[in-house]
Protein chains: 2
Amino acid sequence: MPRRRKGRKRVDIVKMENESNLQVTFSKRRAGLFKKASELCTLCGAEIAIVVFSPGKANKVYSFGHPSVELLVDRFLGRDLPPPNNESRHNHLLMNHQNAVLRELNKEVMNMEEILQMEKACGESILEVRRRANGGWWEAPINALNL
Amino acid sequence: MPRRRKGRKRVDIVKMENESNLQVTFSKRRAGLFKKASELCTLCGAEIAIVVFSPGKANKVYSFGHPSVELLVDRFLGRDLPPPNNESRHNHLLMNHQNAVLRELNKEVMNMEEILQMEKACGESILEVRRRANGGWWEAPINALNL
DNA sequence: ACCGCTATCGTTAGCAC
DNA sequence: TGTGCTAACGATAGCGG
């Protein structure tokens, strides 16, 4: 074995040319991005929606959303429909509680996703889960979105 | 003063209580998130849209989009957005939407739990082997699964 | 191709100004 | 409240299996 030659090297932020390295980097950094977003949601109570289209012909779409991509995007495009000051305080508290629950569930789903990846060694049934996936955040092939 | 540089400490990913620290962290991490997104765009040629709503009453909106938030979101939704609503109606729809998201996430969690049971019944798994000494990983709190 | 490892790089919490 | 610094922490490029 060659002597230890490990560890990352600095990488310029320019388009990667090697296709397979690009795919690996895309997967790793996409996961990192979603994790950062999740942490920002939890730490600061921010609401975040992310949509990512993969490069190349695959052109798959991945998304992260708390509370949901659709809800936040509607608000973004509508430009002035924040939740506050209407209906009753009861509703508002209810919403806060639901948001907390959502964050917990999102974290739980993320944990389970990680566990499931480890479980892959056991079988292929995970694919079934992915096929049915939808909700607050998830990944899906683009063609599955145009139902 | 004895130059005892303390540096950062580890921080739990839970809601920050100190309001001013929260604001600083929100700004820093939001900038970091957008930078990560930018790098992912450049390195891999991905297309990314991000919408962030700040916490608290300010509730300002920040966005990142390459090529643009609107374009990517339209492609993601694959549909026209609903017309503007009056506020109470909007709140009501909002609640309904959140309930829907909650149900989806709950279904997803249950789905994964079911899959995990099947995986477990199917045979050995990496995680199971690793955790066997502790009496079985599936009985442990999710947070105990330090990956 | 995928997964784990780990040295190394990049991000950021806590301070000082 | 914002800017800059630095050490510690966390993300990840490159590699081996």
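Each chain gets a letter, A, B and so on, in the order its sequence line appears, and its residues count up from 1. As the structure is a computational prediction, the values presented were derived from the model and not from experiment.
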*Between the main-chain N or O of B:Ile50 and the side-chain N or O of B:Ser63, is there a donor-acceptor pair closer than 3.5 Å?*
no
_salt bridge (Lys or Arg N to Asp or Glu O under 4.0 Å) partner of A:Glu39, chosen from B:Lys28, B:Arg30, B:Lys15, B:Arg29_ =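 Running salt bridge (Lys or Arg N to Asp or Glu O under 4.0 Å) over B:Lys28, B:Arg30, B:Lys15, B:Arg29 with A:Glu39 returns exactly one hit, B:Arg29.
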Roughly how many Å is it from [atom1] in [X] to [atom2] in [N], rounded to a whole number?
{"X": "A:Leu40", "N": "D:dG10", "atom1": "CG", "atom2": "P", "answer": "16 Å"}
{"X": "A:Asp12", "N": "D:dT12", "atom1": "CG", "atom2": "P", "answer": "17 Å"}
{"X": "A:Ile13", "N": "C:dG10", "atom1": "CD1", "atom2": "P", "answer": "8 Å"}
{"X": "B:Arg10", "N": "C:dT12", "atom1": "CZ", "atom2": "C1'", "answer": "14 Å"}
{"X": "B:Leu22", "N": "C:dT12", "atom1": "CG", "atom2": "P", "answer": "15 Å"}
{"X": "B:Gln23", "N": "D:dT1", "atom1": "CD", "atom2": "P", "answer": "8 Å"}
{"X": "B:Leu33", "N": "D:dG10", "atom1": "CG", "atom2": "C1'", "answer": "15 Å"}
{"X": "B:Arg30", "N": "C:dA13", "atom1": "CZ", "atom2": "P", "answer": "14 Å"}

*Identify the two heavy atoms, one from A:Leu43 and one from B:Val14, that lie closest to each other, and give their separation to 0.1 Å.*
CD2-O, 3.4 Å
*Taking all atoms of both residues into account, what is the closest heavy-atom pair of A:Ile13 and B:Thr42, and its distance?*
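Looking at all heavy atoms of both residues, the shortest contact is O-CG2, 3.4 Å.
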*asked:* Tell me whether the side-chain N/O atoms of A:Arg29 come closer than 4.0 Å to OP1 or OP2 in D:dA13.
replied: yes
*Has B:Ser20 got a side-chain N or O lying under 4.0 Å from the OP1 or OP2 atom of D:dT1?*
no
hbond_proxy [X] side chain to [N] base (donor-acceptor, 3.5 Å cutoff):
{"X": "A:Lys35", "N": "D:dG10", "answer": "no"}
{"X": "B:Arg8", "N": "D:dC9", "answer": "yes"}
{"X": "B:Lys28", "N": "C:dA13", "answer": "yes"}

_Counting the atoms with a prime plus P, OP1 and OP2 as sugar-phosphate, which does B:Ser27 contact under 4.0 Å by heavy atoms, base, sugar-phosphate, or nothing?_
nothing
*asked:* Under 4.5 Å between side-chain heavy atoms, counting indirect links through other Ile/Leu/Val/Met/Phe/Trp/Tyr residues: same cluster for A:Phe76 and A:Val61 or not?
replied: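 In one cluster with A:Phe76: A:Val61, yes.
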*Options C:dT11, D:dC15, D:dA11, nucleotide nearest the side-chain atoms of A:Glu39*: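 Selected nucleotide: D:dA11.
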*Closest nucleotide among D:dT12, C:dA13, D:dG14 to the B:Lys36 side chain*: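 It is D:dT12.
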